[in-house]
Each structure stands twice: as structure tokens, then as C-alpha cells.
Amino acid sequence: MSKKAVYLLGILLTIILGTILYCKLCNTCCVTEEAVPKPVVVAPKETTKNPFLLKDFNGSLDLNASDNLNFNVSGITILKPISKGVTDGVDSLKVYLDGDPLKIIGITGLYTSDEINNSAFPNLGLARANAVKNYFVSKGISSWQIDTFGALDNDMVPDQTGVLYGPEQYMVSTREVDDKSHLEALELIHVEISEHPLVMNFDTAKATIDLSGEQREKVAKISRYLDKVEGASITIVGHTDNTGNAEANLVLGQERADFAKSYFIRNHIPEGKIITVSKGQTEPIANNATEEGRANNRRITVIFK
């Protein structure tokens, strides 16, 4: 081997050895820098805006307004103002339904599983449909020609202020002339509530309402019956236990009945169809000598007049 080759080999070995020693002695120099993952930015979902659509495929009705009736998240009250497109559409719907009494408008209120149901109805959708129904009735449409439903829709997205735009859908159908099933269903509701009235209990000297699922179902049935039966009304009767004196309990019973009435009104049951009375402590259904019995006696009952 020539001297020049030996010289070059020595330089190469020196470089290799130096590199090895450098990495051994330096803790950070030969460490591969870990890649820091960039945060994933999720684009906000687009706000859902359901239009006011009403079409009768077996008739001439065809309404389409870009606006609709709106609600706050977890709310059951229609937000104001209501757009002219919607009010004009409802006016046209009234004319159409007046021209054919067998036409039925179905209102399906929508809700999401993230919302809180503080209404008296089984779900927020049905409560919203009931609010829309009352608005239609205020515009002159007969409640006899309106059916209400509720449906879960987790695809709905509110805006940043918590407004749901048009959480409802509409459908037009035609009732058969000889269809008596709706009358039979109403009669069954009357029998059920007459035999098993809606009963709500109260804490001592308090007037608060927290409904169970079964009670909410009864409220929905009562609301439907009041809508469909001309002249129908309900009586709310306030009762107490025998704690305190009879005169004060008569007042307390009335306060509870009136409180329940205001609760129903907030849930869009017409005020004019609600009567309140108090029986105070005069009609116990359980033994006032026990706490359990007194708790059962602190109640209001809702019956058809």
C-alpha cells in the first residue's frame, strides 16, 4: 500500500473514531428530535336552519319560506319576532285548511339528546310542537285539524347564541270521512284520566313540581283531549295534609292548584280550559298519622270537568 493511501485511511479512521466518541460524550447531540404533533383543529359545525316547508302532495298547497319558528336550546317558547314569511305562510295554510276540513296538519317538534327537558311533556319535541300548534290556533286554524308529535334529531346544530332555527317539521294528510279511530282514542283518554287522574305530590308547605315519565305521558294525553273535544276543560284540585289549621290548609291547597295551573299554562295548555279549587285537608287518601300518609295527602289531582 502506498504512503498516500495509508495517509488517507488514517484520516478516515480518525473521523469515524471522533464521531463515535462525540456521540458517546454528548447526551443531546445525536438524539433524534421527536416530532411534536400539531393540534387538530376541528371546524365548527354549520348551524342547522330548517325552512318552513308545507306541501300537500294530494292537493295544491306548496309553502316554502326560508325562515321558521325558532326556539332556544332546551326551550319550549317560540322566539319573537316571527318573520313575515312564516306569518304569511300560516295565513295561507289557514285558508287551505278552511277549504277542506278533512285536511290535517302534522307538526313534529325536534329535539336533541343534549337538551334538558324541563317541560311537562314526555320530550322537548312534543312540547315544541304543542307551542307551534297554539301559535297556529291563535292565527285561526282549528286545533281539530292539528296533530302533534316529537322526534329526536341529534343532527341539529344551534348557533353560537344557543338558538335552534326551525326545530320542527310539517306534514299534510287527509282524514277519511268515516274514520272514527280518532274519536275512539279520545274516549279512551277520557276513561283513563277519569279512572286514574293525574296526581302530583308536594313537599310540606312547598309548591314545586317534578313530573315522572308516566305523569308527563298523562299531561300529553290531557293536552290532546282538550285540543280535540269542544268545550272540554280540566279541574285542578289542591289537597293538603292536616299539618296546621284547616283554614290555612284551604288556602295552601288553593295555592298549589293555582301553581299547577300556571305550570300548565307555561306548557301551552290554554288558561281558559283550566279551573282550580281547593279541598284543603278535608279529603285525605292516606293516614295523616304517618309521614308517608301525610306525603300522599299533599297533592293536586287533575280531572276532566
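Computation of the quantities below employed the complete heavy-atom set of this structure, encompassing side-chain atoms and omitting hydrogens, waters and symmetry-equivalent molecules. Just so you know, these numbers come straight off a predicted model, no measurement behind them.
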For this session: Check the pair T112 / N154 against side-chain hydrogen bond (donor to acceptor under 3.5 Å, both in side chains), numbers first and verdict last.
Result: CA-CA 5 Å; T112 70; N154 280 324; 4.7 Å; no

Problem set entry | Parallel, tilted or perpendicular: rings of H190 and F304 (30°, 60°) | parallel

Exercise. Roughly how far apart are I116 CD1 and Y111 OH, rounded to 0.5 Å?
Worked result: 14.5 Å

Exercise. Under the 3.5 angstrom rule, does the side chain of K218 hit a backbone N or O of H196 as a donor-acceptor pair?
Worked result: yes

Exercise. Under 3.5 Å, is there a donor-acceptor pair between the side chain of R294 and the main chain of N288?
Worked result: yes

Exercise. Taking a hydrophobic cluster as the set of Ile, Leu, Val, Met, Phe, Trp and Tyr residues connected by side-chain heavy atoms closer than 4.5 Å, whether directly or through intermediates, do L226 and M200 fall within one such cluster?
Worked result: yes

Exercise. Between N249 (side chain) and T243 (backbone), is there a donor-acceptor pair under 3.5 Å?
Worked result: yes

Problem set entry | More than 12 heavy atoms from other groups under 6.0 Å of NZ on K228 | yes

Exercise. Any chain of hydrophobic side-chain contacts (each under 4.5 Å) joining L183 to Y225?
Worked result: yes

For this session: For G150 and T108, work out which heavy atoms get closest and say how close.
Result: C-CG2, 4.2 Å

Exercise. Same cluster or not: are I105 and W144 linked, directly or through other Ile, Leu, Val, Met, Phe, Trp or Tyr residues, by side-chain heavy atoms under 4.5 angstrom apart?
Worked result: no

Exercise. Do side-chain atoms of K133 reach the backbone of T148 as a donor and acceptor pair under 3.5 angstrom?
Worked result: no

Exercise. In Å and rounded to the nearest 0.5 Å, what is the CG to CG distance from L124 to L110?
Worked result: 11.0 Å

Problem set entry | Separation between CD of Q160 and OG1 of T47, rounded to the nearest 0.5 Å | 7.0 Å

Exercise. Side-chain contact, heavy-atom cut-off 4.5 Å: I193 with L198?
Worked result: no

Exercise. Just by distance, with hydrogens left out, do D258 and Q254 show a side-chain donor and acceptor under 3.5 Å apart?
Worked result: yes

Problem set entry | Contact check, side chains of H239 and R298, non-hydrogen atoms, under 4.5 Å | no

For this session: May I ask you to test the I222-F264 pair for a side-chain heavy-atom distance under 4.5 Å?
Result: no

Exercise. Quick check: does any side chain N or O of N267 sit under 3.5 Å from a backbone N or O of F121, one acting as donor and the other as acceptor?
Worked result: no

Seminar exercise, completed: Distance col, row L126:CG vs S223:OG, nearest 0.5 angstrom, shows 7.5 Å

Problem set entry | Side chains of I146 and I141 in contact at under 4.5 Å (non-hydrogen atoms) | yes

For this session: Determine whether K55 and L61 make a side-chain contact, defined as any pair of heavy atoms from C-beta on separated by less than 4.5 Å.
Result: no

For this session: Check the pair N118 / S74 against side-chain contact (heavy atoms from CB on, under 4.5 Å), numbers first and verdict last.
Result: CA-CA 8 Å; N118 289 319; S74 300; 5.7 Å; no

Exercise. Nearest heavy-atom pair of V219 and A120: which atoms, and what distance?
Worked result: CB-O, 3.5 Å

For this session: Working to the nearest 0.5 Å, report the span between CG of D227 and CG of N130.
Result: 6.0 Å

For this session: Check the hydrophobic clustering (I, L, V, M, F, W, Y; side-chain heavy atoms under 4.5 Å; chains of links allowed) and say if V229 and I274 are grouped together.
Result: yes

For this session: State whether K49 and D159 are salt-bridged, where the test is any N-O pair (Lys NZ or Arg NE/NH1/NH2 against Asp/Glu carboxylate O) under 4.0 Å.
Result: no

Problem set entry | Side-chain donor-acceptor pair present, D67, Y165, cut-off under 3.5 Å | no

Problem set entry | Heavy-atom side-chain proximity of P158 to V163 below 4.5 angstrom | no

Problem set entry | E115/R128 salt bridge by N-O under 4.0 Å criterion | yes

Exercise. So, Q215 side chain and S212 main chain: donor-acceptor pair closer than 3.5 Å or not?
Worked result: yes

Problem set entry | Validation row: D155, T48 side chains within 4.5 angstrom (heavy atoms) | no

Exercise. What are the two closest heavy atoms between Q145 and L97, and how far apart are they?
Worked result: NE2-O, 3.2 Å

For this session: Using modelled atom types only, decide if a donor and an acceptor are shared between the side chain of T235 and the backbone of K305 within a distance under 3.5 Å.
Result: no

Seminar exercise, completed: In terms of heavy-atom contacts, N245 and A248 come closest through OD1-N, 2.7 Å

Problem set entry | From NZ (K221) to CG (L188), nearest 0.5 Å | 9.0 Å

Exercise. When clusters are formed by joining ILVMFWY residues with side-chain heavy atoms under 4.5 Å apart, either directly or through shared neighbours, do V199 and I269 land in the same one?
Worked result: no

Exercise. Would a 4.5 Å heavy-atom cut-off, applied to side chains only, mark T87 and Y135 as touching?
Worked result: yes

Exercise. Side-chain donor-acceptor pair under 3.5 Å between K103 and T174, yes or no?
Worked result: yes

Exercise. Taking the six-membered ring for Trp, are Y170 and F52 ring centroids under 6.0 Å apart?
Worked result: yes

Exercise. With a cut-off of under 6.0 Å to the ring centre and 45° to the axis, is K261 in cation-pi contact with Y263?
Worked result: no

Seminar exercise, completed: All heavy atoms of R175 vs all of D147, minimum pair found to be NH2-OD2, 4.4 Å

Exercise. Can N117 and R216 be said to form a side-chain contact (heavy atoms from CB on, under 4.5 Å), step by step?
Worked result: CA-CA 11 Å; N117 181 19; R216 292 174 190 272; 3.6 Å; yes

Exercise. Is the backbone N or O of A286 less than 3.5 Å from a side-chain atom of N297, with the two atoms forming a donor-acceptor pair by type?
Worked result: yes

For this session: State, to 0.1 Å, how close L69 and E168 come at their nearest heavy-atom pair, and which atoms those are.
Result: O-OE2, 2.6 Å

Exercise. If only atom types and distance count, is the side chain of N201 paired as donor or acceptor with the main-chain N or O of A295 below 3.5 Å?
Worked result: yes

